[in-house]
S.K.: 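My questions all concern the structure below.
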Amino acid sequence: MPRIQTVLAANRGEIAVRIIRACRELGLRAAAVYSDADADALHPRLADVRVPLGPPEPRESYLNIGRLIDAARRAEADAVHPGYGFLAESAEFAAAVRDAGMVWVGPPPEVIAALGDKATARRVAREAGIPEVPGYAEPGASDEALRAAARRLGLPVLIKAAAGGGGLGMRLVEREEALAEALRAARREAAAAFGSGGLLLERYLPEVRHIEVQVLADQHGSVLALGERECSVQRRRQKIVEEAPSPFASPALRARLAHAARAVAAAAGYVSAGTAEFLVDADERFYFLEMNTRLQVEHPVTEATAGVDLVKAQLRIAEGEPLRLEPVEPRGHAIECRVYAEDPARDFRPSPGVIRLLREPAGPGVRVDSGLREGWQVPVAYDPLLSKVIVWDRTREDAIDRMAEALRRYVILGCRTNLDFLQAIVGHEAFRRGETTTRFVERHFPGWRPGEPLLALAAAGILEALREAAPPAGAAGPAGPSGARPASDPWETIGPWRMGARGA
Amino acid sequence: MPRIQTVLAANRGEIAVRIIRACRELGLRAAAVYSDADADALHPRLADVRVPLGPPEPRESYLNIGRLIDAARRAEADAVHPGYGFLAESAEFAAAVRDAGMVWVGPPPEVIAALGDKATARRVAREAGIPEVPGYAEPGASDEALRAAARRLGLPVLIKAAAGGGGLGMRLVEREEALAEALRAARREAAAAFGSGGLLLERYLPEVRHIEVQVLADQHGSVLALGERECSVQRRRQKIVEEAPSPFASPALRARLAHAARAVAAAAGYVSAGTAEFLVDADERFYFLEMNTRLQVEHPVTEATAGVDLVKAQLRIAEGEPLRLEPVEPRGHAIECRVYAEDPARDFRPSPGVIRLLREPAGPGVRVDSGLREGWQVPVAYDPLLSKVIVWDRTREDAIDRMAEALRRYVILGCRTNLDFLQAIVGHEAFRRGETTTRFVERHFPGWRPGEPLLALAAAGILEALREAAPPAGAAGPAGPSGARPASDPWETIGPWRMGARGA
Amino acid sequence: MPEEIVLLVDDEAVPLRVARDGEEWRVSAGRHEVRARLAPLEPGVFTLTTGGRTYLLHAVEAGERRALHVGGRTLEYRVERRSGGRRRDAAGSADLSAPMPGLVTGVLVREGDPVRPGQALVIVEAMKMEHVIRAARAGIVRRLLVRPGQQVEGGAAVAEIAPPP
Amino acid sequence: MPEEIVLLVDDEAVPLRVARDGEEWRVSAGRHEVRARLAPLEPGVFTLTTGGRTYLLHAVEAGERRALHVGGRTLEYRVERRSGGRRRDAAGSADLSAPMPGLVTGVLVREGDPVRPGQALVIVEAMKMEHVIRAARAGIVRRLLVRPGQQVEGGAAVAEIAPPP
């Protein structure tokens, strides 16, 4: 296979930044695409080539296969990395890339089609002897069939997008009256997010853990398991805190999960990075959920513990290189917190805005995968994930302390984020004890609101008192009336201090 | 031993930042000291308590034991971490801290005194059966005695500060005529840097490697070796690129060096983090050089490969905790580049200035230990080390590629730095081949000047042509005449674009 | 002489009493009092010293909106002028405004329709999620202020509900 | 019509010819030519596109001094006006100026002393290093411009040497 020269990152935000960095380290030309809403985003700035895609709406840009292929051609790309979300698990896109004579950085379209549809994936697992969650998964199932299946399985059930991942289109239904509206909403979300409204049902297992195993497979039949991740802390069925290794898994369970993940991947003829997801109950019984045929949002915790750069590994596998990794022994403990533009006190409502001030944490063992820059308007059109804080340390306790400090140091002003909520989670005794089931948030943070921010209120009071004492519109400093400052100026602030600063 | 509550970081710049971060992660109150030249520096900003020390001159501030003890009292500190440089290897300071009833984060003053004086350290090593570099090391040796010894040893010789480290006070003398002036200059520098003008001589071994072993010892007699670092790439006898493991050392040499380091540490009754330095020739013969009784500038490469936070380990050892680390198996490869405010094309002349724009690299496997912030004036009074870029990856090749990309992404405008030179080193074939002897820079980069920066010249030409076309003093935008902007505004720039930006 | 300052945090009024005492400030919020010093470092950056610790304080503003970060906490707020004219009626029509900027993808009632509490009225889609705006209480749809396909701002009213006849 | 712009890089004159060709610029430096496009992103940040790649360009200025970073390279420069009045005499007294801001710790000659090439004249200490300023050629110390203990700026003249009689 010829060496890749130029890789198009067919995605946006932090994962596009992540892919671009890996390409540049490998000496590959990195191409970015951006919708009109992302013209000022970070990811095109870091690329070697940047190609506009079209209007903000995903169907006109990041979900538009024709435009992406066209952009790849204009960038003279010979490979496409899809990231996660959008078309990352679209067999159609993978095939279109291949048909355009480019390398798809991921599993072959046939494997995506087989595993990407959850119904088919379950059959593959079943045939490989891996237990699965009780549920109903028939391709193209109608609302009537789903309603009947829900009655058979017994409520509560979980509605899931057959084509999707990441919690989109997912609905927990506890009462029969809510079933019809939930099916309708889930179909709409699934169609909007994945281009297919296909749904499936699962019996809802309340007090379980969500544990997944990272696999890496080359084109020559080698499959490695790189350790498990625990992703149980979720809100609205979407992961917010992930860690590796699982604080719950015993060495025996860990080995059984790794074996099951390798078995599913091998049975499916898997290639590239992928993830086998399992539910695990308190008795260490586990159920295969699905195989994600892409890089996961939470891949960095495995990178930190296994010491493997998964994106570089994907690119090398795509070039045909055999896996040169001896079986990997994970080391230490890694945690990831997802930073969202959302308001945890208002049902995690998305909260876009302009990033007016940004200070990202740094230091030993701290990694921030971020798509942020000062002055950037967080678009309304996309998922509100802003960045991810990943920490590593020798023990879980040390990693928790490191995460707490990193979150305290993370300053994002201009849009509401979940940074306060993440601090509350990481600071909770139940989290420290490792009691991270999928019910963690609803159990420990029902109707959570941030505590009285006494220090912040005091700061606000003092700043406002100073402002009243010397209103900025009055005697302006040499910079001119503060009203004349451009709205995107991150330092547009606090009248009397505008010019009185020591640094000025 | 009582738990520590508040730690004073008796240092400045990136290492003070490093210590403060570690303290805060451990839940300890972190106190910073700062001279008048550092009032606006980063390190006091990150601390919980900040105490002014006095005038910029080191003897009035960071080298002033009385003021530091006083500052520690004012901060209600019960422990002092000295960092590196300044008083880090001062037995007198360590004793003063202990006498003030505080915990010294480092070895006991008696051990510092014994090992910190290189002459005594050699004796300890000799008695432990470790070979040493041929030289002359007598406490309080006069200029006459040193001149006579130089004649006995044969030129070239290396003059070193008996009390010091880090290349300060070091002079290579190749001709006898230069000896007198070199001794005088070395004494002055040694006295200024370490408070003692004591010198020693070593026969200069030209084509050797500088390899050192990190040790960690607790108060209960356990000593661990955490792997070796190669620090051969030096300019002006001072390290600029360090890596772990050494690209040269065979497993057998590695084991012999680790054994020697542990033997010296054990013989000296060592406690805390320390480093045994060796010279190694092409035949894998090694010579003990000295024991550094402090954290090293280059400690992060060991942290990355061994997976140990050395500053946290120091703090725990200081609290009396036993080492809980099983023998550590290093993993992958780490490289550190030291970023200096200096001009490599002019004999590495220090080049202070105001940091007008700063973009630090980030991403997986990239760590930047930095004391920088935008708007800060790099003081003239201190060592020109600005920050350190540390990368880790699975192989040395991958780590080199990662470092090259991180250096390319590092933007520091406002003072001349060695970033271009570091890129030239890391990009050199001899470096990639691991041919890193102490003569690396003089051999491959004699009279180095940066290559024609064609792209940068083109950018400058276009920006100036645009400026001529629309002079900024002419039609100013709504922000008012650009001349009215505060001088510290990092965006003070390039007339016609000032307001025409997309982000405005 | 203490000054009264009212912050609006999430449309809730938070009254503060702020007094200067030499270099120190005293700020009371309800039963709590904070004594602190403030020092400017550079535009938008300050230190706040209280209880033996110094905190870095970052603050920005955009029009009426202010945001600050100190001690790991982020606070977004507006300031109530003492004239009191701007305070919102928190119990009013807040339930019937768009929770965020987005696209109206469905209007499920018509003007004049009776609605029961909790009934879905309007659907807004933003950031890949669907949000249903529901009636807070029973009543009659007096006015519909949005159409399907329309982009709305966060906080924009979407409908007015009159009390039941 | 190409414009001539002379940059001073480390006191060395670097002449450039710059011409606009539609959206593209052509810049010649010696035998090399670069064809590039420039686009502003925000104050001080641009993209420069050339040879199929786009580079992020950061630029600042402080008084006469300019600095920029593009493609991993940093360039500090000043601009020579075409009047030509400001160009420095690179061969002149540059050797006898302080290489950096610092403290004068030693003055080793007196006015009227004869000096030989390479003779140490003044010692300046900065950033923990000692720097010896030496005579570039033989001559007589005409004027000493610094005293021990004095702070000097980078580039400040420390002595004037007259040609030998």
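Throughout, protein chains are lettered first and strands after them, A, B, ... in sequence-line order, and every chain is numbered starting at 1.
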S.K.: Where on A/Leu419 is there a heavy atom nearer than 4.5 Å to chain C: the side chain, the backbone, both, or neither?
M.R.: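 Neither part; nothing is under 4.5 Å.
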
S.K.: Report the residues that fulfil side-chain contact (heavy atoms from CB on, under 4.5 Å) with A/Ala456, sequence neighbours left out, ordered by chain and then residue number.
M.R.: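 Only A/Pro453, C/Leu68, C/Val70, C/Leu75 meet the side-chain contact (heavy atoms from CB on, under 4.5 Å) criterion with A/Ala456.
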
S.K.: Under a 4.5 Å heavy-atom cut-off, does chain C meet the side chain of A/Arg188, its backbone, both or neither?
M.R.: side chain

S.K.: Please determine, by modelled atom types, if A/Tyr410 and A/Ser387 share a side-chain donor-acceptor pair under 3.5 angstrom.
M.R.: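 Indeed, the side chains of A/Tyr410 and A/Ser387 share at least one donor-acceptor pair under 3.5 Å.
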
S.K.: Checking heavy atoms, do the side chain of A/Glu181, its backbone, both or neither come under 4.5 Å from chain C?
M.R.: side chain

S.K.: With a 4.5 angstrom heavy-atom cut-off, could you sort out which part of C/Arg65 is near chain A: side chain, backbone, both or neither?
M.R.: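 Side chain of C/Arg65 only, per the 4.5 Å heavy-atom cut-off to chain A.
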
S.K.: Can you tell which of A/Ala404, A/Ala460, A/Ala345, A/Ala459 has the highest number of heavy-atom pairs within less than 4.5 Å of chain C?
M.R.: A/Ala460

S.K.: Tell me, for C/Leu103 versus chain A, whether the close heavy atoms (under 4.5 Å) come from the side chain, the backbone, both or neither.
M.R.: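 Neither part; nothing is under 4.5 Å.
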
S.K.: Among residues two or more places apart or on two chains, list those pairs meeting side-chain hydrogen bond (donor to acceptor under 3.5 Å, both in side chains) that have a residue in residues 43-53 of chain C.
M.R.: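 The answer is B/Asp48-C/Arg53, C/Thr49-C/Thr54.
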
S.K.: Charged N to carboxylate O under 4.0 angstrom, A/Glu57 versus A/Arg59?
M.R.: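 A/Arg59 and A/Glu57: not salt-bridged.
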
S.K.: Quick one: does any side-chain atom of C/Arg26 pair with a main-chain N or O of C/Pro2 as donor and acceptor, under 3.5 Å?
M.R.: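 It does not hold such a pair.
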
